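Have a look at the structure below before the remarks.
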Amino acid sequence: MKKFANTLIVAAALLCGCHQTGPEKPDNPVDEVRDIETYVTTGDNTMQFSAIGRDFAEGLNMSPELTVKLRPETRYQEFDGFGAAITGAAAFNLTRMPADRREKLLKETFSVNEGMGYSYIRVPIGGSDFNARGAVDYTCCDTKGIENFALTVEETDYIIPIIKQILEINPNVKVLGSPWSCPIWMKVDDPKKKNPYGSWVGGYLNPDYFQDYGTYFVKWIQAFEAAGIHINAVTVQNEPLNWGNSMSLYMPWDQERDFIKVGLGPKLREAGLQTKIIVFDHNYNYDNKGDQQQYPLHIYKDAEAAAYIDGAAYHSYGGNESELENIHSQAPDKNLYFTEQSIGTWNYHSFGQSLMSEMEHVCLGTVTRWCKAVIVWNYMLDDNGGPHGGPGACATCYGAVDVSSKDYVTLTKRSHFFVIGHLSKAFKAGSTRIGLGKLPTNVLGCAAENLDGTYGLVLQNKNSQSVEMVIDDGTHHFNITLPAESVTSAIWKK
C-alpha cells in the first residue's frame, strides 16, 4: 500500500517555503512512495506546509496509551470547503503580478493535486471596504431603477478574470456572494418614516424596494453565471448590525426576515436559481445588541422565511465560537458557516502566535462546532494593507498573502494562508466529519472521511514541546510526532 508519491513530489516543488528543517525533519525523501502524506507548519516558521511521507506500522499496536482512534461510525456535518475572499482589492493585486508568478501562487493555493486545494471563495456583491479602486464605493446599480443594473470594471476587469483563472485550476471551487450595501437610492433613515438616506455608511433598506433588491441579487448571480461562474450561496447582508463600516447597511433580524420572504426568496425561486440563502453573517456576540441576540433563530421561527434559508454565517470579531453550538442545538436542521476573520496590526503579533490562535478558534473551533465551511477575509493585500476604502475601512489589515507594491512579486505568506491550507488539504469538499478519540493534553484535532476513500486528519499541538502519538483508523495505525506549537495535516487511504 505505497501511495502519494506524485502528490508529495509536486507539493514539495510548488509550496515555496517548505523548509526541510526544524523540530521534526522529514522521515523520507519526497520522491519515495509512502502510505501517508503529512504536511507540517511550525510556529517558529522553520516548517511551512512541509511534506513528510510516512508508512503504516507493521504488526500489532504496542503503544495503546499513546493511541488516538478515528471513529468513522460517528458522523457529523458534511464540509463544503475552505478558503478566502477574492475582494476587488485582492483581485487587483493578483492582476498586477507577473502572469507566471500569479499562476504559480494560485496553483499552490487552489490545486487539489499540486497545492493546498482551497475550495471556497467569498466575493462582494458590488463594493466592499476593499475595492480595486480603493475608496471608490459602488454597487452594480447606482443609477436609480433596477433596469440600470450592470457589472462594473471591478467585476469585469478584476474579480471575474481572477475567479475564472482559479476555476481553471480547480473547477469545483464554490463561490459565496455577500453585499456590503444596497444602492443608495434604496436606502432610508428609518424603515417606517422612509426618508432618503444619502450615505454609503449605515441606513436601512427601504421596504418599498424589497422586490427590486431581490431582483438585484438575481441579476448579479445571472451576470456571474453568464461569465461562467456559478454562485453556490449568498448571504443577505455582510455584518447587518455594523452601522459604521465604510460601506454598510443596518438590517435587524425582523427586516432581514421580511426581505427574504417578500424579495430575495421569491425572486430567486422565480428565476429558477438554486443559490442557497444564508442569514446573519456577523459576530458571535451580535455586537452586544440585546434585541438582536440569537439573530438567526428569530428568523427561523417564521416558517415562510425559514423555507428559503439554508443556514447562518458567523464572524469572530466579537464573542466566542461556543455560540455555534448554541445555535446548532436549537436549529439542528439549519447549516452553519464561518465566513470572515481578518488579521492585522491589532492581532498579528507574530506568525507563531497567530498560527496557534487562528487554528484553534477560527478553524478547529468552528469545524468541530458544526460549520460546513471556513472562509477568511482578503486572500491578498499589498504591503500597505490595500487598496482599501475610506473612513470606516480597515487600513491596518493583512491578507492571507501580502504582496510588495514595489514589484508585485515579493510575497509574505501569513498564518491565514497556512491554516486554511491545512483544512483544505485534509478535508476535501463533500467530506464528512467523523469522531475522534481523546487527544493528549493541549492537542486539538478534527477528522473526516473524504469521498475519494481517504481519511483526513488535522492536529494542532499547542504545547511548547513535541508530542508523540499513534493514529489508529481501525484497519491501520501509524506513529506521528507533532512538533512543538505546530499544525499537522495527514491524509491516507482507508
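Fair warning: this is a prediction, and the values are worked out from it, not measured in the lab.
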Suppose we call two aromatic rings close when their centres sit under 6.0 Å apart. Are W492 and F478 close by that rule? yes
Residues W370 and N335: side-chain donor-acceptor under 3.5 angstrom: no
If I take atom CD from residue E78 and atom OG1 from residue T432, how far apart are they, to the nearest 0.5 angstrom? 5.0 Å
Shortest non-hydrogen contact from I343 toward S415: CD1-OG, 4.1 Å
If you measure only the distance, is there a donor-acceptor pair under 3.5 Å linking the side chains of N113 and S111? no
Might you work through the side chain to side chain contact (heavy atoms under 4.5 Å, CB included) test for M356 and V487, ending with a clear yes or no? CA-CA 8 Å; M356 290 292 98; V487 180; 4.1 Å; yes
Less than 3.5 Å apart, any donor N or O on the side chain of T412 or Y398 sitting next to an acceptor on the other? no
In Å and rounded to the nearest 0.5 Å, what is the CG to CG distance from N245 to D129? 4.5 Å
Say you draw a straight line from CZ of R102 to CD1 of I166; how long is it, rounded to the nearest 0.5 Å? 10.5 Å
K413 with E108: basic N within carboxylate O range, under 4.0 Å: yes
Can D383 and S405 be counted as having a side-chain donor-acceptor contact under 3.5 angstrom? yes
Got H388 and C397 here, is their nearest side-chain heavy-atom distance under 4.5 Å? no
Provide the closest heavy-atom pair for Y408 versus R96 in the form atom of the first, atom of the second, distance. CD2-CB, 3.4 Å
Output field: ring centroids Y284/Y314 closer than 6.0 Å: yes
Do F418 and F49 have their ring centres less than 6.0 Å from each other? no
Is P179 close to T235 at the side-chain level, that is, under 4.5 Å between some pair of heavy atoms? yes
Ignoring hydrogens and angles, state whether a donor on the side chain of S316 or H361 is under 3.5 Å from an acceptor on the partner side chain. no
Decide yes or no for I420 and M116: does some side-chain heavy atom of the first lie under 4.5 Å from some side-chain heavy atom of the second? no
Residue pair E239, Y317: steps toward the side chain to side chain donor-acceptor pair (under 3.5 Å) verdict: CA-CA 11 Å; E239 299 187 352; Y317 302 114; 5.2 Å; no
List the steps, then state whether side chain to side chain donor-acceptor pair (under 3.5 Å) holds for T410 with S404. CA-CA 5 Å; T410 305; S404 169; 5.0 Å; no
Side chains of R122 and N238: donor-acceptor distance under 3.5 Å anywhere? yes
Begin with the C-alpha distance, continue with both residues' side-chain angles, and end with the deciding distance and a verdict on side chain to side chain contact (heavy atoms under 4.5 Å, CB included) for L336 and H328. CA-CA 8 Å; L336 288 168; H328 174 78; 3.9 Å; yes
Between C394 and W346, is there a side-chain heavy-atom distance shorter than 4.5 Å? yes
salt_bridge(D472, K69) N-O dist < 4.0 Å: no
Donor + acceptor pair across side chains of D281, H315 (<3.5 Å): yes
Could you tell me whether E485 and K462 have a side-chain N and a carboxylate O separated by less than 4.0 Å? no
Taking everything shown except E73 itself, do over 12 heavy atoms lie less than 6.0 Å from its CD? yes
A side-chain contact here means heavy atoms from C-beta on lying under 4.5 Å apart; do N170 and Y118 qualify? no
Provide the closest heavy-atom pair for C371 versus F338 in the form atom of the first, atom of the second, distance. SG-N, 3.8 Å
If you draw a 6.0 Å radius around NZ in K164, do more than 12 non-hydrogen atoms from other residues or ligands fall strictly inside? no
Using 4.0 Å as the upper bound for N to carboxylate O, is an ion pair formed by D402 and R414? yes
Could you tell me if S322 and R369 have a donor-acceptor pair between their side chains, going purely by distance under 3.5 Å? no
Verify side chain to side chain contact (heavy atoms under 4.5 Å, CB included) between L457 and L436, making sure each step is shown before the conclusion. CA-CA 9 Å; L457 177 65; L436 187 62; 4.0 Å; yes
Would you call D80 and K276 a salt bridge, using N to O less than 4.0 angstrom? yes
Side chain to side chain contact (heavy atoms under 4.5 Å, CB included) between H476 and K493, worked out: CA-CA 10 Å; H476 313 102; K493 284 284 186 182; over 6 Å; no
CD/E225: more than 12 non-hydrogen atoms of other groups inside 6.0 Å: yes
Assess, by modelled atom type and distance only, whether the side chains of T42 and S486 contain a donor and an acceptor separated by less than 3.5 Å. no
N/O donor-acceptor pair under 3.5 Å between S350 side chain and Q353 backbone: yes
Side-chain heavy-atom pair Q341, I375 within 4.5 angstrom cut-off: no
Side chains of Y286 and E323, donor plus acceptor under 3.5 Å: yes
Please determine if E449 and K494 form a salt bridge, counting it only when a charged side-chain N lies under 4.0 Å from a carboxylate O. yes
Cut-off 3.5 Å, side chains only: do Y295 and Q293 have a donor facing an acceptor? no
Closest non-hydrogen atoms of A89 and L381, given as atom of the first, atom of the second and distance, are CB-CD2, 4.1 Å
Are side-chain N/O atoms of E103 and Q165 paired as donor and acceptor at under 3.5 Å? yes
Name the residue from I125, N232, I278 that meets the side chain to side chain contact (heavy atoms under 4.5 Å, CB included) definition with L176. I278
Euclidean distance, E325 CD relative to N320 CG, rounded to 0.5 Å: 9.5 Å
Please examine the side chains of E358 and C363, heavy atoms only from C-beta on, and report whether any two atoms are closer than 4.5 Å. no
Close side-chain approach of Y379 to L94, heavy-atom, < 4.5 Å: yes
Atom CZ in R34, atom CG in D55: separation rounded to 0.5 Å? 4.0 Å
Quick check: closest heavy atoms across V234 and T275, and the distance to 0.1 Å? N-CG2, 3.9 Å
Validation row, ring centre F79 to ring centre F82 under 6.0 Å: yes
Atom CG in L411, atom CG in L105: separation rounded to 0.5 Å? 6.0 Å
If you compare all heavy atoms of T368 against all heavy atoms of G445, which two are closest, and at what distance to 0.1 Å? CG2-O, 3.8 Å
